[in-house]
Enquirer: 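Right, I'll just put the structure down here and ask away after.
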Amino acid sequence: MSDNSSNEISSQSVDLLHQAYGRLKGQIRKVIVGQDDVIEQLLIALFSQGHCLLEGVPGLAKTLMISTLARSLSMTFSRIQFTPDLMPADITGTDVLQENRSTGQREFRFIPGPLFHNVVLADEINRTPPKTQAALLEAMQERQVTVGQTIHKLSVPFFVLATQNPIEQEGTYSLPEAQQDRFMFKVFVRYPSFEEERMIARQTTSNMKFDVEGVLTAEQVTEIQTTVRQVPISDHVINYTLALVRQTRVGEPGTPEWINQWLAWGAGPRAVQNLLLGAKTRALLSGRTVVSTDDIQKLAAPVLRHRIVPNFTAESEGITSDRVIERLIQETPARESELSSDPRFGKIFAA
């Protein structure tokens, strides 16, 4: 049985989206060498109405990648450098007292902050105090900001990409797990391969310049976001996703013993929602309207790695979140008959 809330998505619409995705990657690759998985995950998050947390050492072109993405989408872009003295009003905007020249009276006028753009890069989010982090995360969740007693709607679409440096932790304010949960994906930006770095070295030390063309407008991106939610999904894929996520919850029925030994905390319902939305988007970008368990597996790491917390025992043994996710995928049957007949998963589905 499938979720047929959307009746039909025409094959023509799917083909057009698939072609647009190919053109988007082509424009981004003019400037960015490699990082194909990162680019795919960023676009999946954007079209799923999610946000991304990027983690990587300095010099991996995170800022350039995000600004190039915004240019290829013909959307407005702003970059906020997070610092210890940044205040919430610095990013949300503030009311300024001005004189009305026609009446001579003074009145408050709202000056929008850098959040009022389609694509917002929150650079080094862990370098700003919790109060400012909370203002950003509220805007991400509600897609609006409140200044004084007035609510101001943010741009549509609204896409936040936050970065953090994993190697310099002095003087930083790490994001609590509950705040990290607001990000659809946590994406690792890794070092390039030898050939990729050779190409980067050649391009960046010459006069080579590339013009990036806009492939999609903000209105078209909004239409795609609506279309994604119309993609039907089978009960089996939903059950598989639930089985994968619910196994991370320590002490619950059906949870493997090694999870109880390695994790302090597991993923909540938002992980299931993000996995399913991401899988729908990935299917569409691949030219399909059928979501498979393979789509779920490919997105499990970026969705779950910041939602599960290894305990001291796991950390002392060098066990990372990604290692836990990899083992979960290996031990969770993808076939419907195997999943439904396994007694351990019967406990999970009955809980």
Side-chain angles (χ1 to χ4, degrees), residues 24-25 28-29 31-73 75 77-83 86 91 114-115 117-128 132-133 136-137 139-141 157-169 172-193 196-197 200 270-271 274-275 277-278 281-282 285 298-308 320-322 325:
L24 273 175
K25 290 193 294 185
I28 296 171
R29 284 172 180 162
V31 180
I32 303 298
V33 177
Q35 304 293 359
D36 291 344
D37 288 344
V38 175
I39 292 169
E40 180 187 55
Q41 289 167 19
L42 292 183
L43 289 171
I44 288 174
L46 169 66
F47 294 141
S48 303
Q49 291 183 284
H51 306 284
C52 274
L53 177 62
L54 286 85
E55 185 173 291
V57 299
L60 296 181
K62 297 186 292 294
T63 302
L64 180 61
M65 185 188 308
I66 294 162
S67 62
T68 304
L69 170 63
R71 287 158 58 199
S72 67
L73 290 167
M75 297 200 297
F77 168 72
S78 70
R79 175 179 179 270
I80 309 170
Q81 180 62 54
F82 278 70
T83 57
L86 197 71
I91 65 172
L115 284 184
H117 290 270
N118 298 122
V119 180
V120 176
L121 169 59
D123 219 355
E124 296 192 283
I125 188 174
N126 57 332
R127 292 207 176 279
T128 204
T132 307
Q133 290 177 355
L136 172 67
L137 294 163
M140 289 165 51
Q141 183 71 19
F158 177 62
F159 184 40
V160 172
L161 298 107
T163 69
Q164 61 182 13
N165 183 345
I167 59 174
E168 294 179 13
Q169 296 303 321
T172 62
Y173 304 84
S174 59
L175 285 174
E177 282 72 21
Q179 293 187 4
Q180 290 191 48
D181 194 44
R182 303 288 179 89
F183 290 95
M184 179 177 187
F185 290 158
K186 181 177 183 180
V187 179
F188 287 156
V189 184
R190 306 188 188 278
Y191 288 115
S193 67
E196 289 169 350
E197 193 161 3
I200 291 168
R270 198 175 274 145
N274 286 327
L275 272 171
L277 278 173
T281 305
R282 187 175 187 272
L285 296 182
K298 295 293 185 186
L299 299 179
V303 169
L304 292 174
R305 62 167 57 111
H306 56 300
R307 293 184 164 92
I308 61 176
T320 63
S321 297
D322 281 22
I325 296 163

Enquirer: What are the two closest heavy atoms between Leu42 and Cys52, and how far apart are they?
Expert: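 Smallest heavy-atom distance, with atoms named: CD2-SG, 3.8 Å.
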Enquirer: Return the set of residues passing side chain to side chain donor-acceptor pair (under 3.5 Å) with Arg305 (not counting sequence neighbours), or none when no residue passes.
Expert: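 Applying side chain to side chain donor-acceptor pair (under 3.5 Å) to Arg305 gives Asp322.
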Enquirer: Could you tell me the separation between the CG atom of Leu304 and the CZ atom of Phe185, rounded to the nearest 0.5 Å?
Expert: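 The CZ atom of Phe185 is 10.5 Å from CG of Leu304, to the nearest 0.5 Å.
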Enquirer: CE of Met184 to CG of Leu53: how many Å apart, nearest 0.5 Å?
Expert: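 If I round to the nearest 0.5 Å, the distance is 14.0 Å.
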Enquirer: Look at the aromatic rings of Phe159 and His51 and report parallel, tilted or perpendicular, splitting at 30° and 60°.
Expert: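 Judged by the thresholds at 30° and 60°, the geometry between Phe159 and His51 is parallel.
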Enquirer: Looking at residues at least two apart in the chain, or sitting in another chain, which of them share a salt bridge (charged side-chain N to carboxylate O under 4.0 Å, His left out) with Lys25?
Expert: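 Expected list: none.
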Enquirer: Does any non-hydrogen side-chain atom of Ile308 lie less than 4.5 Å from one of Ile325?
Expert: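 When only atoms from C-beta onward are counted, Ile308 and Ile325 do touch, with a gap below 4.5 Å.
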Enquirer: Would you please name every residue forming a side chain to side chain donor-acceptor pair (under 3.5 Å) with Thr132, sequence neighbours left out?
Expert: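 Per chain and number, Thr132 pairs via side chain to side chain donor-acceptor pair (under 3.5 Å) with no residue.
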Enquirer: Go through the structure and list residues passing side chain to side chain contact (heavy atoms under 4.5 Å, CB included) with Ala122, not counting sequence neighbours.
Expert: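 Residues passing side chain to side chain contact (heavy atoms under 4.5 Å, CB included) with Ala122: Phe82, Leu136, Ala162.
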Enquirer: Could you list the residues that satisfy side chain to side chain contact (heavy atoms under 4.5 Å, CB included) with Glu40, not counting sequence neighbours?
Expert: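 For Glu40 the side chain to side chain contact (heavy atoms under 4.5 Å, CB included) partners, ignoring immediate neighbours, are Tyr21, Ile44, Arg282.
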Enquirer: Do Val187 and Leu161 come within less than 4.5 Å of each other through their side chains, counting heavy atoms only?
Expert: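 No, every pair of side-chain atoms sits at 4.5 Å or beyond.
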Enquirer: Can you confirm whether Pro157 sits close enough to Met75 that some side-chain heavy atom of one is under 4.5 Å from a side-chain heavy atom of the other?
Expert: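 With C-beta onward as the side chain, the pair touches.
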Enquirer: When rounded to the nearest 0.5 angstrom, what is the spacing between CZ in Phe158 and CD in Gln49?
Expert: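 That separation rounds to 12.5 Å.
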Enquirer: State which residues pass side chain to side chain contact (heavy atoms under 4.5 Å, CB included) with Ala70; sequence neighbours excluded, sorted by chain then number.
Expert: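 For Ala70, the residues satisfying side chain to side chain contact (heavy atoms under 4.5 Å, CB included) (neighbours in sequence not counted) are Phe77, Val119.
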Enquirer: Who passes side chain to side chain donor-acceptor pair (under 3.5 Å) against Gln180, sequence neighbours left out?
Expert: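 Applying side chain to side chain donor-acceptor pair (under 3.5 Å) to Gln180 gives none.
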Enquirer: Find the distance between CD (Gln164) and CD1 (Ile125) and round it off to the nearest 0.5 Å.
Expert: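 Going from CD on Gln164 over to CD1 on Ile125, the span is 8.0 Å.
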Enquirer: Look up atom CZ in Arg270 and atom CG in Leu277, then write down how far apart they are to the nearest 0.5 Å.
Expert: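 The CZ atom of Arg270 sits 12.0 Å away from the CG atom of Leu277.
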Enquirer: Check salt bridge (charged side-chain N to carboxylate O under 4.0 Å, His left out) between Asp37 and all other residues, then give those that pass, not counting sequence neighbours.
Expert: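 Partners of Asp37 under the salt bridge (charged side-chain N to carboxylate O under 4.0 Å, His left out) test: none.
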Enquirer: Among Leu69, Asp36, Leu73, whose side-chain contact (heavy atoms from CB on, under 4.5 Å) with Ile28 holds?
Expert: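 With Ile28 as partner, Leu69, Asp36, Leu73 yield a single side-chain contact (heavy atoms from CB on, under 4.5 Å), made by Leu69.
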Enquirer: Got a sec, which residues hit side chain to side chain donor-acceptor pair (under 3.5 Å) with Arg79, two or more places apart in sequence or on another chain?
Expert: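 Arg79: side chain to side chain donor-acceptor pair (under 3.5 Å) contacts with Gln81, Asp123.
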Enquirer: I need the Ile91 CD1 to Ile80 CD1 distance, nearest 0.5 Å.
Expert: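 The CD1 atom of Ile80 is 5.5 Å from CD1 of Ile91, to the nearest 0.5 Å.
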Enquirer: So, His306 side chain and Phe183 main chain: donor-acceptor pair closer than 3.5 Å or not?
Expert: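 Yes, because the side chain of His306 sits within donor-acceptor range (under 3.5 Å) of the backbone of Phe183.
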Enquirer: List the residues meeting salt bridge (charged side-chain N to carboxylate O under 4.0 Å, His left out) with Arg71, not counting sequence neighbours, and say none if there are none.
Expert: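 Salt bridge (charged side-chain N to carboxylate O under 4.0 Å, His left out) list for Arg71, sorted by chain: empty.
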